[in-house]
Colleague: 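Structure below; questions to follow.
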Amino acid sequence: MASHAPPHKVPRPGVETLLMDFQRTRRENTPLTQVVLDTLKKTLGPGSAEMALDLPLGKALMRLTQAVQEDGQANDAGAPDYHNTAHFKEAVMAVGHLCALEFEGEAPCPHLVVLAMTAMVGHDFKHDGTSNETGKSLEAIAWQACEPYLDGVHLEDKKAIEAIILGTDPTKLNEHRARYSDASVPPSAIDRLRLIACEADLTPSLMPEHGVEMGKLLAKELKSSNVPVLTVLGESISSWESRMGFLHHAKPISKAADTFGLKNMHSTQLQAFVELAQSLDLSDAKDAARHLDKVDVNQGPSQSSALYLSALTHVDSKLGAAVARAMNLPAPGPLQKDVDFGM
């Protein structure tokens with residue numbers, strides 16, 4: 001892969017700012033091309049972003065972005081509920097910030113940011129709303145769809161983009177974690193990029209409240225697939241109990257996730273279930289999640305979300321307030337002890 005001089009120091013926003021960007025982008029339906037350009041400027045700085053776009057890889061990034069955007073517009077009516085252009089935008093924003101933090105101060109940082117963003121723009125290209133449990137590789141389909149737009153890109157970079165896209169298969173996450181954390185053999189840049197890509201792919205779902213909405217969209221997508229095994233899976237993933245299970249499974253471990261605040265956001269959400277259990281005199285966090293599911297059924301999703309956000313704010317008041325602002329929700333009320341909310 002080509003090397004470049006380290007960029008000038010660029011101010012790095014925290015993960016709460018990214019949550020606000022996610023919401024704004026969905027609300028305004030910002031074009032994917034604009035999201036990519038804005039993310040490059042925010043992560044590399046305007047000057048470095050402009051130089052990167054003049055190189056073959058940068059030009060390929062924009063060709064692919066335009067193709068993915070046009071495909072999304074052409075198939076908007078039948079697009080999957082979760083794996084659509086809105087998800088691509090959020091994944092590419094997340095990978096830009098995470099990659100810039102992961103490689104900050106290292107010579108190839110700008111190049112690796114563009115490389116990762118190119119992979120994430122196309123990582124779910126041509127996704128049909130099913131999953132690999134049907135016996136196919138959606139990641140391989142995405143790579144095949146992306147490859148024609150990479151003319152002029154160095155062969156080593158093409159191989160890296162292929163490796164990153166194929167590595168976004170959710171079943172590869174533990175493999176990426178093991179390579180990243182192996183003290184005996186330091187991870188290569190590609191090893192690090194593959195983990196960062198997976199964490200970026202999961203970042204929208206790791207966000208408080210926003211992630212709950214993403215879980216419901218994914219459940220709806222799977223239930224609409226008309227594939228029995230996926231319908232059953234869709235029925236099982238939209239609950240608060242499954243939300244807690246997802247958070248346990250999807251723990252971010254990268255240096256970038258720590259610096260960005262994603263690790264803290266993740267651990268605070270798990271602690272909020274513990275806090276809720278204590279406040280309601282329940283046996284454990286799993287009981288608290290089940291209680292939220294009952295509130296969801298009896299009083300509606302807004303009530304269960306408000307209760308959980310109060311618990312989250314009790315654990316981390318700054319994060320709770322930031323989530324409420326980003327999601328345009330009322331300021332969280334105090335978490336009252338020994339009160340059975342909504343039951």
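Keep in mind that the numbers below use all heavy atoms, side chains included, and drop hydrogens, waters and symmetry copies. Each residue takes its place number in the sequence, starting with 1.
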Colleague: What pairs with D284 under salt bridge (Lys or Arg N to Asp or Glu O under 4.0 Å), at least two apart in sequence or on another chain?
Modeller: none

Colleague: Sorted by first residue and then second, give each ring pair (Phe, Tyr, Trp, His ring centres under 6.0 Å) pair with at least one member in residues 162-215; sequence neighbours left out.
Modeller: F22-H210

Colleague: How would you list all residue pairs meeting salt bridge (Lys or Arg N to Asp or Glu O under 4.0 Å) that involve residues 83-99, not counting sequence neighbours?
Modeller: R26-E90

Colleague: Got a sec, which pairs hit side-chain hydrogen bond (donor to acceptor under 3.5 Å, both in side chains) with one end in residues 214-235, sequence neighbours left out?
Modeller: H83-E221

Colleague: Please list all pairs meeting salt bridge (Lys or Arg N to Asp or Glu O under 4.0 Å) that have one or both residues in residues 53-77, counting only residues at least two apart or in different chains.
Modeller: D71-K126

Colleague: Going by atom types only, do N84 and H127 share a side-chain donor-acceptor pair under 3.5 Å?
Modeller: no

Colleague: Restricting to non-hydrogen atoms, name the atom on A288 and the atom on A277 that form the minimum distance, rounded to 0.1 Å.
Modeller: CB-N, 3.7 Å

Colleague: Return the orientation label for the F88 and H123 ring planes: parallel under 30°, perpendicular over 60°, tilted otherwise.
Modeller: perpendicular

Colleague: To the nearest 0.5 Å, tell me how far D201 CG sits from L173 CG.
Modeller: 10.0 Å

Colleague: Only pairs at least two apart or in different chains count here, so list each salt bridge (Lys or Arg N to Asp or Glu O under 4.0 Å) that has a residue in residues 33-46.
Modeller: D21-K42

Colleague: Not counting sequence neighbours, which residues clear salt bridge (Lys or Arg N to Asp or Glu O under 4.0 Å) with D169? List them please.
Modeller: none

Colleague: How would you list all residue pairs meeting ring pair (Phe, Tyr, Trp, His ring centres under 6.0 Å) that involve residues 218-258, not counting sequence neighbours?
Modeller: W240-Y308

Colleague: Are L32 and L18 connected in the hydrophobic side-chain network, where two residues link if heavy atoms are under 4.5 Å apart?
Modeller: yes

Colleague: Not counting sequence neighbours, list each pair that qualifies as a salt bridge (Lys or Arg N to Asp or Glu O under 4.0 Å) and has a residue in residues 137-155.
Modeller: none

Colleague: Got a donor-acceptor contact below 3.5 angstrom from the K286 side chain to the E241 backbone?
Modeller: no

Colleague: Listing request: all ring pair (Phe, Tyr, Trp, His ring centres under 6.0 Å) pairs with a residue in residues 28-75, at least two apart in sequence or in separate chains.
Modeller: none

Colleague: Sub-3.5 Å donor-acceptor pair from the side chain of Q23 to the main-chain atoms of N328, do we have one?
Modeller: no

Colleague: For V232, enumerate each residue passing the side-chain contact (heavy atoms from CB on, under 4.5 Å) test, keeping only those at least two apart in sequence or located in another chain.
Modeller: none

Colleague: Can a donor-acceptor pair be found, under 3.5 Å and without considering hydrogens, that links the side chain of T168 to the backbone of I165?
Modeller: yes

Colleague: Quick one: which residue pairs count as a side-chain hydrogen bond (donor to acceptor under 3.5 Å, both in side chains) with a foot in residues 184-200, not counting sequence neighbours?
Modeller: E102-R192, E106-R192, R179-D191, D182-S184, S188-D191, E199-S254

